[in-house]
**Student:** 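Submitted below is the structure of interest, expressed as C-alpha cells.
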Amino acid sequence: MVSNSKIKFFVSVLIGLSVLLCLNAQNAQIPQNDDDLEWLEDSPVNLIYPEEAAGSKSSFVMVEPVYQHELNPQVTSYASDAQLLSGLYEGLFSYNPVNLEPQYAIATSYRISRDKLRWTFTIRDEAYFSNGEKITAQNVRDSWIQLLSTPNAPYASLLDVIKGAADYRAGNIAATDVGIYATSASTLTIHLVKPANYLPKVLCHSAFSVIHRSPTVYSGPFFLDDFDESGYVLKKNPYYWDNENVQLNEIVIIQSDDEDENAYYYNTGLANWVTSSINTDKLINKNETYQFNAEFATSFFFFRIKENSIWSVPAFRNALFEAFPWEDFRSKYYVQAQTLVYPLTGYPEVEGFSYTDISEAKNLMKQAREDFGISQNKIIPVTLEISENSFKDEQINLIAQAWAPLGVDLKVRRLPSGRYFSHIPVSDADIFNYVWIGDFADPLAFLELFRGDSSLNDSHWKNEEFDALLEEAAQADAEERYKILSRAETLLLDNYMVIPIQHPVTYNIINLNEVGGWTSNAFDIHPFKYFYKKDIKSTVTDIVKK
C-alpha cells in the first residue's frame, strides 16, 4: 500500500462545554443551517467531543494529518486509509495485531483439497453487518466479484489465482464463470488455477473485506457515525460477531496539521494517540510517549517502460545505476535500503546497490549509445515525477549532477500529494517514486508490483522469467518459496528497474501505560478493535495553552 502523509480546534471552547452531545448510533444528525453551526465553527467534526469524551474509558480520540479518506476498501491503496478501514470492514481473515499473521475473522475454518486447487471456507453463523443483516458466503462472493469488476482496483489481480478471475477482469467471461461459489449460506468454495499457499495472508487486506450493497453499512467492529472536512466519528457496531470483546464505544478521529495544537491535545489528555506532526519540544513525558518502529516498507524510484523510450532499454538504465550517488543520497536516512524487499526472517540475502562507479557508468553509456545509434554528444532527457515535499532539492540535485556527465538531463516535475499517485497511470514521465508498505508479511507484497499482469504494476515492466518464478514460488513450501522469490527479486534488480532508497521509520505519540491493545508492528496498522483504556490516568492537569 502507498504511504501518504484544518481544523482549528479551540479546546478552550470545548472545555467550557458542560453538556456532552449524545447521538443515537444509527440516527446522528448533522446541523442543517449556519445558526446551528455558529458556536461550533472552530471545533472538530461538528460533533461535540470535549475533555470528558477523551477521558471516558469507552471513548478514544486520535489526531491524524489532514487528509480526505477513501472509504471504499476496494479502490484505495493508501496507508492513510488502512487504519480507518481496520475499524469499518472485515473479511475472512484479519491481521493478528502483534505478529501480523492471519487469524480467523468472518471465517471460522478452511479446508484445502489434496491437489491444493480447491479451498473451502466456513462462514461464522454469528457474523452480521452493522444494519443487522446476516453475512453469508454469497456476500463474500459478491464482494470479490465486485472487486474484480471495479476498474483500476489496485489489489484485484491478487485474486487472479482463482479460476476465471483474470479473464473476468479483462471482460472476457461472465461473473458466473469465475471459480468462486457460495454452496450454502455458510460455505464458500474457490477453485484455483495454481496452488497459492500465501492466500490467507493476502485475504487479511481490507480490499478483500465483505462489503454491503449500501456504502453506509459495514462488516467490521465499528460503523461510521458522522464525518466532515475536519474528522470522523466511529461508533461500536452492536451486531459485530465479536462485539463483546470490543471495549470502546466510540472513536473520534480529529484531523490537524497544527504542531502546537497537537502537542496541546496530547498533553492535556484530549487526544490519546497522535500520528500527525507535533511540536516535540512541548511534549511532556516524552520517554513514555514516543513509539519508534521500522516499517515493513521501502521507498524507491522505479522506471516506466514505454514504447520507443531509451529508458525502456536495460543498458541505458544500467549506466544511470552505476552513476547514481547511492551513499550521498541515502546518507540522511535511518534505515538505508539496498534492495526492494524489506528484510524478513528466513528470506535469503539479495545483492543490492551500494556503490557508485562513474567511470564504469560512462563506459556503459558510451557502449549503449553506440549499440543503438545515438550520438555521443546528444543530451538525453529523463523525466522524474515526484510528489511535492517528497525529496529536498539538494537530493534531486545530487542525482542531476551524477547523471550530467553521461549526457543525461534530469527534468523534475512535482505534483501535489493528493494528485500524485492517481496521476502515475496516465503520466508520460520516465521515473516515479513510491513509499510502498507491504500489505501482508511476505516478499510477494513487494514483488507483485512488477508482475506482468498485476493491477498494481504501474511500471508496465513485463518479464516472463520473473512471472514464472512467482508462479513457481506459489507452489513451493515456505523455505523453498523464499529462495525462489529472492531469485525473482534479483532478476528485477538485474534489470535495473528499481532504485531502492530507504526503509521508513514510523513514529507515534501514544502512552502505552494508558492505552492497551496498541502494539508496534511493521505495518504500522493498529486494528481499532483491540483498543482499550487502562485504569492508569494521566497526571498532567491544569496546563495553560500558550
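As the structure is a prediction and not an experimental result, all values here were calculated from the model.
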**Student:** When you measure from the side chain of S299 to the backbone N and O of I501, does any donor-acceptor pair fall under 3.5 Å?
**Tutor:**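 Here the side-chain-to-backbone pair does not exist.
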
**Student:** According to the interplanar angle, ranging from 0 to 90°, do the rings of Y155 and H205 count as parallel (below 30°), tilted (30 to 60°) or perpendicular (above 60°)?
**Tutor:** tilted

**Student:** Evaluate the ring planes of Y232 and F227, with Trp represented by its six-membered ring, and classify them as parallel (under 30°), tilted (30 to 60°) or perpendicular (over 60°).
**Tutor:**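 Geometry flag for F227 against Y232: parallel rings.
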
**Student:** Side chains of residues 336-345: which donor-acceptor pairs under 3.5 Å do they make with residues two or more places apart or in other chains?
**Tutor:**
unit_1	atom_1	unit_2	atom_2	d
Q336	NE2	R330	O	3.1

**Student:** Can you confirm whether the side chains of E101 and N99 place a donor and an acceptor under 3.5 Å from each other?
**Tutor:**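 Note: E101 and N99 side chains miss the donor-acceptor criterion.
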
**Student:** Under 30°, 30 to 60°, or over 60°: which ring-plane class applies to Y482 and Y347, parallel, tilted or perpendicular?
**Tutor:**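 Perpendicular, since the angle between the ring planes exceeds 60°.
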
**Student:** For the side chain of N293 and the backbone of T506, is there at least one donor-acceptor N/O pair under 3.5 Å apart?
**Tutor:** no

**Student:** Does E388 CD have over 12 foreign heavy atoms under 6.0 Å away?
**Tutor:** yes

**Student:** For P527 and S86, which heavy atoms make the closest approach, and how far apart are they?
**Tutor:**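 Taking P527 first and S86 second, the nearest heavy atoms are CA-OG, 3.6 Å.
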
**Student:** How are the rings of Y67 and H69 set to each other: parallel, tilted or perpendicular (split at 30° and 60°)?
**Tutor:** perpendicular

**Student:** Aromatic rings F531 and F528: how do their planes relate, parallel, tilted or perpendicular, breaks at 30° and 60°?
**Tutor:**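 Judged by the thresholds at 30° and 60°, the geometry between F531 and F528 is perpendicular.
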
**Student:** For H526 and Q83, which I'm curious about, is there any donor-acceptor pair between the side chains at under 3.5 Å?
**Tutor:** no

**Student:** Quick one about D115 and S113 (side-chain donor to acceptor, distance below 3.5 Å, no hydrogens or angles considered), yes or no?
**Tutor:** yes

**Student:** Measure from the ring center of F432 to the ring center of F301 and say whether it is less than 6.0 Å.
**Tutor:**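 F432 vs F301: aromatic centres not under 6.0 Å.
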
**Student:** For N245 and D242, test the side chains for any donor-to-acceptor distance below 3.5 angstrom and give the result as yes or no.
**Tutor:**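 Short answer, yes.
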
